[in-house]
Number of protein chains: 2
Amino acid sequence: MTSLPSGRRAPRGSLSAAATRRVERPAPLRQAVYDALLELIVNRTLAPGQHLVEAELAEYLGVSRQPVREALQRLQTDGWVDLRPAQGAFVHTPTEEEADQLLAVRSVLETYSAKLAAEHATAADVKLLRKLQKAGEEALVTANVERLVKANADLHAAVATIGRNKVLSEMIGLVDRRVRWYYTPIARPRSRDSWNEHAELVTAIAEGDVERAGEVMHNHAEQTRQTYHDRKTPESTTESD
Amino acid sequence: MTSLPSGRRAPRGSLSAAATRRVERPAPLRQAVYDALLELIVNRTLAPGQHLVEAELAEYLGVSRQPVREALQRLQTDGWVDLRPAQGAFVHTPTEEEADQLLAVRSVLETYSAKLAAEHATAADVKLLRKLQKAGEEALVTANVERLVKANADLHAAVATIGRNKVLSEMIGLVDRRVRWYYTPIARPRSRDSWNEHAELVTAIAEGDVERAGEVMHNHAEQTRQTYHDRKTPESTTESD
DNA sequence: GAAGTGCTTTTTGCATACGAAAAGCTGTAT
DNA sequence: ATACAGCTTTTCGTATGCAAAAAGCACTTC
């Protein structure tokens, strides 16, 4: 019963305005562990279904079990691992059904995001989008899948940011990362079409055409969803590009 | 009575069909702590902005700091508390802006949810909806705000479930709980209109009219959002500095 | 040879302990 | 009187320890 509102108002210092500047926060270890494990999962180093033993991960990462536990818990709430009650963590195995549901939700969120972006985009925003678009098309030429996926994620993230809805952005961030995880292994073929659609999207946003932006993004997302379905049937050892 | 086959794939035992019956899972303590803390937050027992000291909570709940920490982390990722790096947990203080953004996202998700529900609803589903609708209107008569909010949440949750998209349902669950938190204190006036809209929604779903269901839900959500805005300016809290 | 049972090993879940960083306070000097 | 500096207190972050539950294994029995 010592502290009720531990008001964080600056006493009366002169530079209190710049207080937003967080300088080198200690960077909690659990965050580093979270990032490391997520990377390992997305990398497929940790395969879907694999049992993650806290002690092993701890030793591998050179930390104690505690931060590992905390990271695993967060990974669970973000949908990357399943935490069975007295059994530990297992890398989440995405089912076809779940992937489709995720793609559907993504479609809805992204469509709204595109509308908001068209509504709010400034000249600087458009400039950024064009830059990202260019980066994507360059990656398209090099045919580097990983870079392409990254460029794609960047563009979508930028659109979300431009929409000026943080809640939406965060949500899209979560969903997109998982979609990326499911989708990356089969992402090859649609790249060119995809970036053409992106170009259309950027144009619509630049013109402030809300309806059109929404429409384009919706079609774009649904195309991705369709591609996922078409691809998922065979064990496509077809490594042709 | 001790020989319950713990294995979840019965070899060819006779009662393998009933194996879905999960009997009394150990119920992790962190989950109980999570629920307890969430209740305290929604109750306003723990006020927005309040500093949550792990040791205090642990003692209050009669557990050690460990499960409390884990619960707090999850509360953070769900948006209920802010976890400042070396400073601990603070009950999240919703800003007007954030509340509006959340309501906007909710609107989008719920609209899609309603469309899905109209697409998938069976006779049994419709029956359930009508039952919940009835419960809501009864609560309306008693003018019990808490019950009303609960009935409202139940109905929306049911619609989400009927849509058969688990990813969407979970997301709506998270968003709705937070909206409810923000909105409850000012939820008085709109009840009757709200339940009329619900009735319309149920009808549209029952008829399988996808477009209409989406439209009704969209209007419904936007009305709620509007009400929030109209209500929020009782006293000019000049917090801009 | 196959199925069931009891034991051992492994791994989680929770508790406790210790070090470090941040906030608050007090005393002193200007 | 005010402002700064150093110290103390509080609280978090991480590590370690211990008990309980679950899984795996070998043994016994039919």
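Quick note on labels: first sequence line is chain A, next is B, and so on, each numbered from 1. These numbers were taken from a predicted model, which means no experiment stands behind them.
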Contact state string [nucleotides 8-15 of chain C, B base, S sugar-phosphate only, - no protein heavy atom under 4.0 Å]: ---SBBSB
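- The side chain to side chain donor-acceptor pair (under 3.5 Å) check on A/Asn144 picks up nothing, with sequence neighbours excluded.
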Name the atoms and distances for all side-chain donor-acceptor pairs under 3.5 Å in residues 166-176 of chain B, with sequence neighbours left out.
{"unit_1": "B/Ser169", "atom_1": "OG", "unit_2": "B/Ala160", "atom_2": "O", "d": "3.2"}
{"unit_1": "B/Ser169", "atom_1": "OG", "unit_2": "B/Asn165", "atom_2": "O", "d": "3.2"}

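- In this view, A/Arg44 satisfies the side chain to side chain donor-acceptor pair (under 3.5 Å) rule with no residue, not counting sequence neighbours.
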Just distance, no hydrogens or angles: give the donor-acceptor pairs under 3.5 Å from side chains in residues 109-117 of chain B, sequence neighbours left out.
{"unit_1": "B/Glu110", "atom_1": "OE1", "unit_2": "B/His156", "atom_2": "ND1", "d": "3.4"}
{"unit_1": "B/Glu110", "atom_1": "OE2", "unit_2": "B/His156", "atom_2": "ND1", "d": "3.0"}
{"unit_1": "B/Thr111", "atom_1": "OG1", "unit_2": "B/Ser107", "atom_2": "O", "d": "2.7"}

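- Among pairs with a residue in residues 70-81 of chain A, those fulfilling salt bridge (Lys or Arg N to Asp or Glu O under 4.0 Å) read A/Arg30-A/Glu70, A/Glu70-B/Arg69, at least two apart in sequence or across chains.
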